[in-house]
Peer 1: 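Before anything else, here's the structure in question.
Numbered from 1 within each chain, the chains take letters A, B, ... in sequence-line order.
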Protein chains: 2
Amino acid sequence: MASQKVPQATAERLPLYYRTLQRLVAIGKTRISSSEFGSIVQIDSTTIRKDFSYFGALGRKGYGYDTQRLMEFLKKILYQDELSKVILIGAGHLGTALLNHNFQKNNNTKIVRAYDVDPSKVGKEISGTEVHPMNELVTDDNSDITAAILTVPSAHAQEAAEMAIASGIHGFLNFSPTRLVLPADVYVRHVDMTVELQALIYFLNHSMEERKSE
Amino acid sequence: MASQKVPQATAERLPLYYRTLQRLVAIGKTRISSSEFGSIVQIDSTTIRKDFSYFGALGRKGYGYDTQRLMEFLKKILYQDELSKVILIGAGHLGTALLNHNFQKNNNTKIVRAYDVDPSKVGKEISGTEVHPMNELVTDDNSDITAAILTVPSAHAQEAAEMAIASGIHGFLNFSPTRLVLPADVYVRHVDMTVELQALIYFLNHSMEERKSE
DNA sequence: TCATTTTTGTTAAATGTTTCACAATCTTCA
DNA sequence: TGAAGATTGTGAAACATTTAACAAAAATGA
Ligand SMILES: NC(=O)c1ccc[n+]([C@@H]2O[C@H](COP(=O)([O-])OP(=O)(O)OC[C@H]3O[C@@H](n4cnc5c(N)ncnc54)[C@H](O)[C@@H]3O)[C@@H](O)[C@H]2O)c1
Ligand SMILES: NC(=O)c1ccc[n+]([C@@H]2O[C@H](COP(=O)([O-])OP(=O)(O)OC[C@H]3O[C@@H](n4cnc5c(N)ncnc54)[C@H](O)[C@@H]3O)[C@@H](O)[C@H]2O)c1
């Protein structure tokens, strides 16, 4: 699969495309043009055509794209045709919200276990997912686990990540503000809500100032 | 303030710089070089110097940066020297986690009110924040509110955003997967955890394939 | 005091991303 | 069947971001 030359920016848009196509298929739309699709996802139609072109000719000139076919193609590309199992570390406020949500809706990903140090949380079941004691993490066989969701306090994020790596995990979705220092073959994505909120406030205030001085 | 020419990419890194400096100041570190700072935040030192240079000469040659001074500068730039009030719409699983967290730690932002349609949630207080009925949103005076955090089910995100706009709100942090269609003077940032998780799975699988074929 | 070392700020080059422009080609419908 | 219309796929241009290179200036220590 010609995956090496897919730009990062393109790859990061694919999940949005996939989800949007799922919705379009669900409401019975069988074809769509890049410009109509673009207005739905709010991305320029040229960008969308370029993105799809990295995977070959997926559309038909004069017609557009077959939603079902495109959706199924993206499903494969995104490995959504097989179940991805993930674990969650830190069953606190945010962790519990994620366990309740569990990404199941049209999304072939499942949080199969949670871990926590707090004895009052260990043994509980949150929305069908068991909370295990943290010390079991290192001994558990996590070779079939794709990634770990990190929702521990930031002071413990580094050690928790290291324990997960010891058990065979190579990917993290880190919700804590800590920038983890990890081996090069480990891939981390950050979801940093405080950064997002501050960036929002920055852009709001600065665009207001611009408007005032116009 | 020369804000118009600050690149978007730079602006989005400022909150991370700010938080990191807060921590450095807290542990008593008074000076830092761009390369040491870079290794902490995992960003190339040249990028960091370039970022700061958009705001003038903040460092000293042969010395580095004064952490306190730099932190206070960023505090102003990010409007963290004044309290930003935000509201939260949708006090469900995720909304409750955010209310409990409330961004208070070293962060001059406060969720002052929450709104929900569910009568069983209205009237409650979550971590000191009252949940108001949704129909009050339009009549409430929200002129001192900077932004709204949207944590409603995706089918209701558009209508909830429109009600918030009617009450005077111009900025949103949208946690629902819906791409909102809103007036041009409204600014929206997306925090899309499903997209992040799928992107993580994509990059993990594709980089594994690359390694195999090397 | 002064030579050496450190480190910034910045210009220029390299790289990555988006947008433009349009030929190629398929669809549609008379 | 063929003309008119729609829409893709893609080179090239424009734009944005990162990285390299290094002169200038300050700090440091003998
Ligand atoms: N809650 C939010 O809305 C929110 C918003 C922004 C950022 N965050 C970040 O997300 C992370 C989690 O936030 P939260 O509000 O859920 O915190 P929390 O305190 O409610 O939950 C943390 C959980 O991690 C567990 N834990 C602590 N140390 C651990 C360890 N070493 N190994 C395993 N488990 C451990 C605790 O027992 C607790 O259950 C934090 O880093 C926080 O900064 C949360
Ligand atoms: N929980 C998660 O971890 C998670 C993860 C990824 C994405 N999300 C997204 O975040 C959003 C919220 O998720 P959640 O798990 O908290 O859902 P939830 O169902 O637990 O909470 C939604 C809340 O919104 C309220 N609500 C419904 N319609 C409303 C309206 N019109 N106006 C005001 N309030 C309304 C409900 O009463 C409920 O309290 C969803 O869009 C979901 O897709 C959540």
Peer 1: Is the phosphate of C:dT19 approached by A:Thr47 (side-chain N or O, under 4.0 Å from OP1 or OP2)?
Peer 2: yes
Peer 1: Among D:dT10, D:dT28, C:dT27, which nucleotide has an atom closest to any side-chain atom of A:Thr46?
Peer 2: D:dT10
Peer 1: Are the charged groups of A:Lys50 and A:Asp44 less than 4.0 angstrom apart, N to O?
Peer 2: no
Peer 1: Kindly point out which of D:dG9, C:dT18, D:dA24 is positioned nearest to the side chain of A:Tyr54?
Peer 2: C:dT18
Peer 1: 5'-most contact on DNA chain C: A:Ala9 or B:Ile32, nearest heavy atom basis?
Peer 2: B:Ile32
Peer 1: Name the nucleic acid region contacted by B:Tyr65, choosing base, sugar-phosphate or nothing; use a 4.0 angstrom heavy-atom cut-off, strictly under.
Peer 2: sugar-phosphate
Peer 1: In whole angstroms, how far is the P atom of C:dT8 from the CG atom of B:Asp51?
Peer 2: 13 Å
Peer 1: Just checking, is any N or O donor in the side chain of A:Tyr18 or A:Gln22 under 3.5 Å from an acceptor N or O on the other one?
Peer 2: yes
Peer 1: Classify the ring geometry of B:Phe52 against B:Tyr17: parallel below 30°, tilted from 30° to 60°, perpendicular beyond 60°.
Peer 2: perpendicular
Peer 1: From CD of A:Glu36 over to C1' of D:dA6, roughly how many Å is that when rounded to an integer?
Peer 2: 13 Å
Peer 1: Using whole Å, what does the distance between atom P of nucleotide C:dT17 and atom CD of B:Gln8 come to?
Peer 2: 15 Å
Peer 1: Where does the angle between the aromatic ring planes of B:His206 and A:Tyr79 fall among parallel (under 30°), tilted (30 to 60°) and perpendicular (over 60°)?
Peer 2: perpendicular
Peer 1: Could you tell me whether the phosphate oxygens of D:dA24, OP1 or OP2, come under 4.0 Å of any side-chain nitrogen or oxygen in B:Arg60?
Peer 2: no
Peer 1: Can you find a side chain N or O atom of B:Ser34 that sits less than 4.0 Å from OP1 or OP2 on C:dT8?
Peer 2: yes
Peer 1: Tell me: CZ of A:Arg13 to P of C:dG16, nearest whole Å?
Peer 2: 15 Å
Peer 1: Just how far, in rounded Å, is C1' of C:dT8 from CG of B:Leu70?
Peer 2: 13 Å
Peer 1: Given D:dA26, D:dT8, D:dT28, which nucleotide is nearest the side-chain atoms of B:Arg31?
Peer 2: D:dT28
Peer 1: Indicate whether OP1 or OP2 belonging to D:dA24 is found under 4.0 Å from a side-chain N or O atom of B:Tyr63.
Peer 2: no
Peer 1: What's the closest nucleotide to the A:Lys50 side chain, out of D:dT19, D:dT7, D:dG11?
Peer 2: D:dG11
Peer 1: Nearest to the A:Ser33 side chain among C:dT18, D:dT8, D:dT18, which nucleotide is it?
Peer 2: D:dT8
Peer 1: Provide, to the nearest angstrom, the distance between the CZ atom belonging to A:Phe37 and the P atom belonging to D:dT8.
Peer 2: 12 Å
Peer 1: Take the protein atom NZ of B:Lys61 and the nucleotide atom P of D:dA27, then report the distance between them rounded to whole Å.
Peer 2: 12 Å
Peer 1: Kindly say if A:Arg49 contacts the phosphate of D:dG9, meaning a side-chain N or O under 4.0 Å from OP1 or OP2.
Peer 2: no
Peer 1: Mind calculating the distance between CD1 (A:Ile43) and C1' (C:dT17) to the nearest angstrom?
Peer 2: 13 Å
Peer 1: Does one side chain, of A:Arg113 or A:Asn142, offer a donor that lies under 3.5 Å from an acceptor on the other?
Peer 2: yes
